[in-house]
Every structure is written in C-alpha cells, then in structure tokens.
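The structure under discussion appears below in the form of structure tokens.
These numbers come from a predicted model, not from an experiment. Throughout, a chain's letter reflects where its sequence line sits, starting with A, and its residues are numbered from 1.
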There are 2 protein chains.
Amino acid sequence: MTSPRRPPRTGFLLSQLGAFASARFGELIKPVGLTPAAAGVLRIIAREPGLSQRALATRLGSVPSRVVVLVDSLEAAGHVSRTRDPADRRHHRLDVTEAGRQVLGALRTAAETQNADVLAPLDAAERETFTALVSKLAAAHGLDPDVHAGYGVRQSRPEN
Amino acid sequence: MTSPRRPPRTGFLLSQLGAFASARFGELIKPVGLTPAAAGVLRIIAREPGLSQRALATRLGSVPSRVVVLVDSLEAAGHVSRTRDPADRRHHRLDVTEAGRQVLGALRTAAETQNADVLAPLDAAERETFTALVSKLAAAHGLDPDVHAGYGVRQSRPEN
DNA sequence: TATTGTTATACTCTATAACTATA
DNA sequence: TATAGTTATAGAGTATAACAATA
C-alpha cells in the first residue's frame with residue numbers, strides 16, 4: 001500500500017507569505033496615498049530618469065494603456081513629471097519631482113518597517129539566512145523587487 | 001554625512017516570489033480547470049466535510065456572496081455538492097464529490113510540481129532550511145496555505 | 001427578529017482595440 | 001507606414017446592500 005503523501009506546503013505558504021508582505025506594505029503606504037503598484041513605478045522612474053512610457057511598460061511586463069493610468073495618478077499627485085522629448089516629440093520623458101523624491105524617502109521607511117514586521121518572528125541569524133535564500137531564489141527566477149506583481153505574470157489570463 | 005542606506009529588499013522580493021509561486025500554480029492547474037481560489041476552497045471543504053457557506057466565508061476572511069460564486073463554480077464542475085442540512089434547513093452542507101476527490105489528487109500533483117519549480121535553484125540542504133524558515137514565518141503570522149490571498153487582507157481597500 | 005444563503009449592483013484592476021500625433 | 005501615447009471599452013474579481021427562506 002502507498003503511504004499518504006504529506007502535501008508539499010512550502011510553495012503555498014510562500015504565496016501566502018508574499019501576499020501578506022504585500023498587504024502589509026500596502027497598509028503602511030496608505031498614509032502616503034500610493035498603491036503598491038504606483039510606488040513600484042515611482043521607484044523605477046527614480047532609478048532610470050527620462051524613461052519613456054513604452055520602456056516602462058516593457059519593464060513592468062505590462063501594456064502602454066496600463067502605464068497611462070499609473071503615470072496619470074503619479075502626475076496628478078505631483079510626484080512625477082511628463083515632458084515631451086524635443087528630439088522625438090512622440091516620447092514622454094518621465095522624471096521624479098522634488099515632491100516625488102520626498103515620497104521616495106517615505107516609501108523607503110515603509111519598506112524598512114514592512115521588512116522588520118515580516119521577519120520579526122526570526123532571530124538575527126535566521127533572518128540573515130532567510131534573506132540570502134530569498135535573494136538567491138529571486139535572482140534565479142529573474143524577479144525585480146520594484147515590479148509590482150498584481151498576482152503574477154498575467155499575459156495569459158487573470159489567474160486569481 | 002549620512003551614508004546612503006541600502007534599501008531592505010527582502011520584503012519586496014518575498015512579495016515577488018509569492019506572486020511568482022502563485023502564478024506558477026495557476027498555470028499548472030489550468031488544465032484542471034480551476035482557479036487557485038477555487039482550488040483552495042476545494043481543499044478546505046475536503047478538510048472539513050459538511051462545512052456551511054457561512055463558516056467557509058469566515059475561514060476565507062471573505063463574505064458570503066463571494067462564497068456563493070466560488071461554490072457555484074465548483075458545484076457546476078461537479079466537484080462539490082450542496083445539501084440542505086435537515087437539522088437547520090437554512091444551512092447548506094458542502095462536501096467533495098467523487099469527481100472532486102480525483103481533482104484533489106491532480107491538485108496535489110500540481111502543488112508538488114510548483115514546489116519543485118520554485119525551489120529548484122536551491123540545493124537540498126538550502127531547500128530544507130528555507131522550508132523550515134518559511135513554515136516558521138507562516139505559522140507566526142497565522143497564515144493558512146489553503147486560503148487564497150488574492151493579494152492580501154482586502155477587507156479595508158483593494159490595495160493592489 | 002435573527003440568520004443563511006442569494007441576487008443585484010457597483011467598483012477596482014487590468015487588458016484589447018481603436019484612435020491621435022508625431023515621425 | 002510605423003511608433004508613442006491616449007481613450008473607449010470590456011472582463012474578471014470581489015465587495016456592499018437588498019432580498020427570500022428558514023428559524
């Protein structure tokens with residue numbers, strides 16, 4: 001007779017943990033007035049000033065129309081500026097404003113708090129080990145911490 | 001002068017990794033014809049036969065109307081049965097059908113594949129360490145592997 | 001009157017397709 | 001004609017509120 005296999009729970013628990021971490025960050029930045037997705041976009045633009053919306057869409061693995069909505073909200077909030085590129089007036093250069101830079105500071109603080117909250121149950125040594133393993137997995141799977149993953153690689157179907 | 005702090009990336013990478021794991025599972029069960037959310041509900045019902053929809057909603061941290069939709073889909077697919085409770089005809093007892101039980105087997109296979117795929121970049125020793133740490137974190141935060149977390153503790157606002 | 005489940009409805013997120021302007 | 005960005009629209013997921021049946 002076959003013994004009843006114990007189900008492999010790590011993958012599921014990892015999904016749960018990721019969702020938990022994401023939700024926690026969402027709560028923490030609510031006072032800042034940004035969604036996690038918009039926060040990720042702000043960080044990407046800060047990292048690559050002058051990015052075009054098209055390039056941003058590629059970076060996000062998303063579509064131009066989605067980028068319009070995200071940038072609209074950031075621009076309306078005064079965190080990001082759109083400037084027509086004089087060299088090719090079809091392009092919009094995206095840049096972080098001074099106000100946006102201040103928000104980036106708040107986001108970093110929120111990230112630190114989130115990090116501490118999520119890892120709180122681990123002691124210092126465990127935390128270090130865990131961080132190393134998570135980094136290794138993320139790198140191996142080609143994940144970018146600034147790309148908000150609604151719930152993963154859509155493209156094919158909303159698999160929620 | 002203050003040195004530029006290196007941002008704490010583990011929380012974000014964990015979100016990414018969780019979304020990645022969830023998306024992978026979603027792909028794997030596409031042939032089965034279930035969404036991850038429905039799959040989680042099926043597992044919960046298997047674990048607690050005769051559950052009422054109200055109780056299920058509580059278990060999911062969701063609302064009764066949401067449960068109706070989820071159970072509708074599972075019942076239409078023939079994986080779950082609704083039976084009025086003779087003792088209190090307001091309740092519907094939820095149970096997994098024979099067909100549902102077969103699907104549960106397929107889900108377990110998919111979970112094993114997902115688990116292997118996600119953890120593939122780690123060697124055996126790292127995998128064991130990682131699994132232990134993930135389990136510890138999930139337990140400490142009170143997470144249930146069968147509760148699909150759209151993207152976290154909604155309840156207050158869709159923080160996507 | 002309180003509780004279980006259902007239906008009607010609305011809102012958010014995100015994608016596809018059609019459109020405008022620039023090249 | 002090709003490309004960047006925008007608008008219109010649609011679909012999936014999930015919530016709130018009103019409702020029906022039962023207690």
Side-chain angles (χ1 to χ4, degrees), chain A residues 19 22-23 26 30 34-41 50-76 80-94 147-160, chain B residues 19 22-23 26 30 33-41 45 50-76 80-94 147-160:
Chain A
S22 193
K30 218 175 279 181
L34 291 186
T35 61
V41 168
L51 201 67
S52 77
Q53 294 187 194
R54 204 86 192 185
L56 180 54
T58 304
R59 202 65 43 96
L60 293 171
S62 184
V63 291
S65 64
R66 171 77 183 123
V67 170
V68 170
V69 176
L70 286 167
V71 172
D72 276 355
S73 71
L74 285 167
E75 191 184 36
V80 156
S81 66
R82 273 181 173 110
T83 323
R84 296 200 90 96
D85 186 340
D88 183 339
R89 293 178 44 74
R90 290 174 302 182
H91 288 77
H92 279 169
R93 291 177 46 89
L94 301 174
V147 173
H148 179 76
Y151 225 39
V153 191
R154 294 270 192 264
Q155 242 53 343
S156 38
R157 184 206 272 206
E159 48 228 326
N160 225 6
Chain B
S22 193
K30 218 176 279 183
L34 290 187
T35 61
V41 167
I45 296 173
L51 201 66
S52 77
Q53 293 187 195
R54 204 84 192 185
L56 180 55
T58 304
R59 201 65 43 95
L60 294 170
S62 184
V63 291
S65 63
R66 170 78 184 123
V67 169
V68 170
V69 177
L70 286 167
V71 173
D72 275 355
S73 72
L74 285 167
E75 191 184 36
V80 156
S81 66
R82 273 180 173 112
T83 324
R84 296 199 89 97
D85 185 340
D88 183 339
R89 293 179 44 75
R90 290 174 302 184
H91 289 76
H92 280 171
R93 290 177 47 89
L94 301 174
V147 173
H148 179 76
Y151 223 36
V153 191
R154 294 271 193 265
Q155 240 52 345
S156 38
R157 184 205 274 204
E159 49 227 326
N160 227 6

From D:dA23, C:dA15, C:dT6, pick the nucleotide closest to the side chain of B:P64?
C:dT6
Given that A:P86 and B:V68 both sit by DNA chain C, which one's nearest nucleotide is further toward the 5' end?
B:V68
Where the side chain of B:Q53 is defined as all heavy atoms beyond and including C-beta, which of D:dA23, C:dT6, D:dT6 is the nearest nucleotide?
C:dT6
Look at the side chain of A:R90 and the base of D:dT3, then say whether one donor and one acceptor between them are separated by less than 3.5 Å.
yes
Could you report the tightest heavy-atom contact between A:L34 and A:A38, atom names first, then the distance?
CD2-CB, 4.3 Å
Quick one: are A:R84 and A:H92 in side-chain contact, heavy atoms under 4.5 Å?
yes
May I ask you to verify whether the side chain of A:S65 and the base of C:dT16 hold a donor-acceptor pair under 3.5 Å?
yes
Upstream residue (5' side of DNA chain C) when B:D72 and A:R84 are each assigned their closest nucleotide:
B:D72
Expressed in angstrom and rounded to an integer, what is the separation of A:L60 atom CG from D:dG5 atom P?
13 Å
What is the nucleic acid contact for B:R89, judged by heavy atoms within less than 4.0 Å: base, sugar-phosphate only, or nothing?
sugar-phosphate
State, to 0.1 Å, how close B:V147 and B:L60 come at their nearest heavy-atom pair, and which atoms those are.
CG1-O, 3.9 Å
To the nearest angstrom, how far is A:L70 atom CG from C:dT12 atom P?
15 Å
With heavy atoms under 4.0 Å as the rule, sort A:S52 into base, sugar-phosphate or nothing.
sugar-phosphate
Quick one: A:L56 CG to D:dT3 C1', roughly how many Å, whole number?
17 Å
Return no unless some side-chain N or O of A:H91 is found under 4.0 Å from OP1 or OP2 of C:dA23.
no
Separation of C:dA21 P from A:R54 CZ (nearest whole Å)
17 Å
Between C:dG5 (C1') and B:E75 (CD): distance, integer Å
13 Å
Student check: side-chain heavy atoms of A:L94 and A:R82 closer than 4.5 Å:
yes
Starting at atom CG of B:D88, determine the distance to atom C1' of C:dG5, rounded to an integer number of angstrom.
11 Å
How many whole angstroms separate atom CG of A:L51 from atom P of D:dG5?
9 Å
In whole angstrom, what separates A:R66's CZ from D:dG11's C1'?
15 Å
What is the minimum heavy-atom distance between A:A57 and A:V63, and which atoms define it?
CB-C, 3.9 Å
Base, sugar-phosphate, or nothing: which does B:R82 touch, judged by heavy atoms less than 4.0 Å apart?
sugar-phosphate
